J.: 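Would you mind keeping the following structure in view while I ask a few things?
In the text below, chain A, chain B and the rest are named by the order of the sequence lines, each starting its count at 1. Everything quoted here is computed from the prediction, not taken from an experiment. The figures here come from the full heavy-atom set of this structure, side chains too, leaving out hydrogens, waters and symmetry mates.
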Amino acid sequence: MEIVVNGQPREIAPGATVASLLRELTLPATRVAVERNREIVRKPEYESTALSAGDRLEIVTFVGGG
Amino acid sequence: MGDTLTIGGKTFRSRLLVGTGKYPDYPTMVRALEASGAEIVTVAVRRVNLDRTKESLLDHVDPKKYTLLPNTAACYTEDDAVRTCHLAREAGMSSMVKLEVIGDENTLFPDTEALLSAAKRLVRDGFVVLPYTNDDPIMARKLEDAGCAAVMPLAAPIGSGLGIRNPFNIRIILESAKVPVIVDAGVGSASDAAVAMELGCDGVLMNTAIAGARDPVLMAGAMREAVSAGRKSFLAGRIPKKLYATASSPLDGTFF
């Protein structure tokens, strides 16, 4: 099924969760924040939050800034 | 512990806050942060790089060593700024944010109406809010009344290096503020930082002045010393300015 991650379409396996997506992307959960359809997913909920077709995710982190 | 800066219940020894943007490379940034003596460093919140080909800031800035202060740079609306702060808190597990709501892309001056409104929402949501504002004493007071943990008036436009354009307004802000006043933006050289501290500011936040210097590491050290010297000069109490001379050597005992 297809979801959108940071504005880019992406195929994921059925049953994928926020946690499994982060593992697939090799992103450490400690360094990111995730929004699913404009709602923040709290870190303890990554494993239990199943993704659905059409979900729009934003995965953000800290970059250099002033 | 001596002369310390307390913001939102956290105490810091350094009064210099520095940004992490615009450095030529990460090793230079790391050395500059070290040389600055800063304990609080600002960061921006952006989409992660999904292909993971680039290094990450957090590979170089240890959040155990530095207090990360996420900003809302490039936010032009109250909603974008509030959303960014919530994401920052989730990413960094800390509630302290540098709130900016930009009003114009050429000046990067704040949209203070949206800023105040965003600040109120964030305070209600439990954030420790450090707002980047203009040098307007009335707005500074409103932000303080809204529950902001500090006020951060600009000295001059972001990245301009023009120095303290309106020291008198900064003084007026200082006279009434009960929260720390941190000059944020516009500092170009070490003397600018010293002037801000001599006015009585509680701290100075800068990025471009260090990152854009020909030798960022050397400039970071200069800024550290300037902030420290300016602070001591403020605490020591300067002499009044006078139009005419007063001799430093005694007039008694002359033999001519």
J.: For residues A/Q8 and B/R47, determine if any side-chain heavy atom of one lies less than 4.5 Å from a side-chain heavy atom of the other.
T.: no
J.: Using non-hydrogen atoms only, which part of B/L68 is less than 4.5 Å away from chain A: side chain, backbone, both, or neither?
T.: side chain
J.: What pair of heavy atoms forms the shortest contact from B/L57 to A/F62, and how long is it?
T.: CB-O, 3.8 Å
J.: State, to 0.1 Å, how close A/G64 and B/A44 come at their nearest heavy-atom pair, and which atoms those are.
T.: O-CB, 3.9 Å
J.: Just by modelled atom types, is the A/G66 backbone N or O under 3.5 Å from a matching donor or acceptor in the B/N71 side chain?
T.: yes
J.: Less than 4.5 Å apart, side chain to side chain, heavy atoms only: is that true for A/E35 and B/R83?
T.: yes
J.: Which atoms of B/A211 are under 4.5 Å from chain A, going by heavy atoms: the side chain, the backbone, both sets, or neither?
T.: neither
J.: Does A/E2, at its CD atom, have more than 12 non-hydrogen atoms belonging to other residues, nucleotides or ligands within less than 6.0 Å?
T.: yes
J.: Are more than 12 heavy atoms from other residues, nucleotides or ligands located less than 6.0 Å from atom CZ of B/R46?
T.: yes
J.: Using a cut-off of under 4.5 Å for heavy-atom pairs, which of B/L69, B/L87, B/V45, B/N207 has the most such pairs with chain A?
T.: B/L87
J.: Using heavy-atom distances under 4.5 Å, tell me whether A/I59 contacts chain B through its side chain, its backbone, both, or neither.
T.: both
J.: Using only atom types and a distance under 3.5 Å, with no angle test, would you say the side chain of B/E90 pairs donor to acceptor with the backbone of A/I40?
T.: no
J.: Would you mind checking which part of B/M93 comes under 4.5 Å of any heavy atom in chain A, side chain (CB onward), backbone (N, CA, C, O), both or neither?
T.: side chain
J.: Tell me which of these, B/A74, B/P63, B/A88, has more heavy-atom pairs under 4.5 Å with chain A than the rest.
T.: B/A88
J.: Report which part of B/K98 has an atom under 4.5 Å of a heavy atom belonging to chain A: side chain, backbone, both, or neither.
T.: side chain
J.: Please state whether the side chain, the backbone, both or neither of A/V5 comes within less than 4.5 Å of a heavy atom of chain B.
T.: both
J.: Kindly state each residue pair satisfying salt bridge (charged side-chain N to carboxylate O under 4.0 Å, His left out) with at least one member in residues 3-17 of chain A, sequence neighbours excluded.
T.: A/R10-A/E24
J.: With salt bridge (charged side-chain N to carboxylate O under 4.0 Å, His left out) as the criterion, how do B/D59 and A/R31 come out once you've worked through the C-alpha distance, each side chain's angles and the decisive distance to 0.1 Å?
T.: CA-CA 10 Å; B/D59 294 332; A/R31 292 186 176 188; 2.7 Å; yes
J.: Go through the atoms of B/T84 and report whether side chain, backbone, both or neither lie under 4.5 Å from a heavy atom of chain A.
T.: neither
J.: Quick check against the 3.5 Å criterion: does A/T61 have a side-chain atom that pairs as donor or acceptor with the backbone of B/V48?
T.: no
J.: Let me see the working for B/L50 and A/N6 under side chain to side chain contact (heavy atoms under 4.5 Å, CB included), right down to the final yes or no.
T.: CA-CA 8 Å; B/L50 290 176; A/N6 289 359; 4.1 Å; yes
